[in-house]
Number of protein chains: 2
Amino acid sequence: MKTIENSKVIYKFKPELEPVEKVQRGEIFKVLTNDCFYGQITSEDQLLDNIDYSKINPATGPIYIEGAEPGDILKISIIKIKPASTGVAITVPNEGALGKRATKSLTMILNIEDGYCDFNGIKLPIKPMIGVIGVATKKDEEQDTATPWKHGGNMDTTDICQGSTLYLPVNQQGALLALGDCHAIMGDGEICFTGCEIAAEVTLKTEVIKNKSIEWPLVETSDYTMVVASGETIDEAIESATEQAVDHMMKGLNITWEEAYILASLTLDIKISQIVDPKKTVRGAIPKYLLSTEQLINSI
Amino acid sequence: MKTIENSKVIYKFKPELEPVEKVQRGEIFKVLTNDCFYGQITSEDQLLDNIDYSKINPATGPIYIEGAEPGDILKISIIKIKPASTGVAITVPNEGALGKRATKSLTMILNIEDGYCDFNGIKLPIKPMIGVIGVATKKDEEQDTATPWKHGGNMDTTDICQGSTLYLPVNQQGALLALGDCHAIMGDGEICFTGCEIAAEVTLKTEVIKNKSIEWPLVETSDYTMVVASGETIDEAIESATEQAVDHMMKGLNITWEEAYILASLTLDIKISQIVDPKKTVRGAIPKYLLSTEQLINSI
């Protein structure tokens, strides 16, 4: 199985990126990812003020997917996320949802074993997820890896996890996929600004859906197809996620826009992904009992 | 079993309210509620511009709970919500998350049968919930029934449903509980501004937890204890919910504030309740595997 090493990283999603590996459609491959600090935090005595900030949020790649062309959708099955044996979680003054109350720094190194993260003796069941995953951007657009947007990026979405399938718009030949910033466990919101930050070994399968385009990423779980949208504010992200979700419901179910808007009010769950990155991210979760992901994509 | 008729309604939660019924601690009783339009919408030809707006969001009650005094917590077990056989859902121009795109009105009368809501042939599994439920407010405070706040009110929270337990602060002698605005089904967000609006028959049991006070309502589900907080903006609601949740985790688990802040970042799920009422509502969901609701309340 091809393995992409975690020394091959990018810090920006751009239109032009030099691929470090090529994979075929349907090929299963492994990506080794760094934690969001590029492994710079190794002790609980370390604070964030003595690390190299140019090395935050490295994404391993880019990976060229044969046959992916602009105007297609890249379908990424997340087969496995194997976490490292330790993770890092940090609070620093003025950061996160309660920044005003956060006055002291605290760095925690957390052991991960047998499916649990040990938080000072409290066992937390892990649910490993990918924080940063994205593709090359459109012409004249550039996003650092800390920012979530239409190409993916730092979506910090708990449902981008083992067993889920992510759909990203292809903007450039070969898509040019890169990923990193995995978390062993994170709550919806990521309220203090870190999850349990880990290096990981991620096993993926990529396929290409030809000639179908989406504006925002989609993530498919066992029960939902979710539109993952970001914005300067949570309200802006909610509006974008809702707009695309209502359009999918209208087209997929062949109903009027007003019917789809009401149906979304009855069935669409707006879920918070994160509120601490340069842009905020939410997901609009469309139940699969209404419309399967395949039906939804076919109707685009 | 005592039954409170749905002709006995209030439109404001105030410090002083005339009770229409008294119940004992631990007594099981029934409350008949109106839909949020007080039954004024009976045909799909009706639009919202020809109804009496002074009769929006009637709450049945107030009910005096013996033994409830200011500084206590009122514990309300939601034993059953039996929906009416039809519901109403409406979109009108300029309303909801996509108000800018909503240009046409649509009124739908939806049949409810055998656990499903029939949406033009699409069967939606119902999950009946209480939209408005609250108690008399503090001195000098008055809230109309359309508004969610610390006393409860129009929280429009999908988890305030059959099988859940709601905890409200007691501000006045007897608590003075009132409720209405049930929905057969609603998505988190209530994005077009209505759920499937129904009259209902609600069976409750109320108990009193003496000398424990909470700032915001709590709702207990099978997996979570959730802080239900509201604010002028979603951000403000998130900050309030997070602040109370982190405090509960700190006290309940006997850890420092910084540890609790990090632990919340790893485990607390911020969930959207509604984004369309005069104030917005979210819930901060604390997993019960960390801390049971009983432990949480005991630690206050």
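Numbered from 1 within each chain, the chains take letters A, B, ... in sequence-line order.
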Interchain contact, [X] with chain A, by part (heavy-atom threshold 4.5 Å):
X: B:Q274; value: neither
X: B:T194; value: backbone
X: B:Y261; value: both
X: B:L110; value: side chain

Say you draw a straight line from [atom1] of [X] to [atom2] of [Y]; how long is it, rounded to the nearest 0.5 Å?
X: B:M108; Y: A:L263; atom1: CE; atom2: CG; result: 8.0 Å
X: A:I255; Y: B:F119; atom1: CD1; atom2: CZ; result: 5.5 Å
X: B:T91; Y: A:E259; atom1: OG1; atom2: CD; result: 11.5 Å
X: A:I90; Y: B:I262; atom1: CD1; atom2: CD1; result: 7.5 Å

If one checks every heavy atom of A:I238 against chain B at 4.5 Å, the contacting part turns out to be side chain
Measure A:F193 against the heavy atoms of chain B and call it side chain, backbone, both or neither at under 4.5 Å. backbone
Which one wins on heavy-atom pair count under 4.5 Å against chain A: [options]?
options: B:K104, B:R101, B:E243; result: B:R101
options: B:I234, B:L106, B:V276; result: B:L106
options: B:K100, B:K127, B:H183; result: B:K100
options: B:P287, B:G189, B:A89, B:A97; result: B:A97
options: B:A285, B:P125, B:G96; result: B:P125
options: B:G195, B:A184, B:C196, B:C192; result: B:C192

Residues A:K280 and B:D235 bridged, charged N to O under 4.0 Å: no
Mark yes or no for whether B:S265, through its side chain, and A:I191, through its backbone, hold a donor-acceptor pair below 3.5 Å. yes
Are any of the side-chain heavy atoms of B:L266 and A:M186 separated by less than 4.5 Å? no
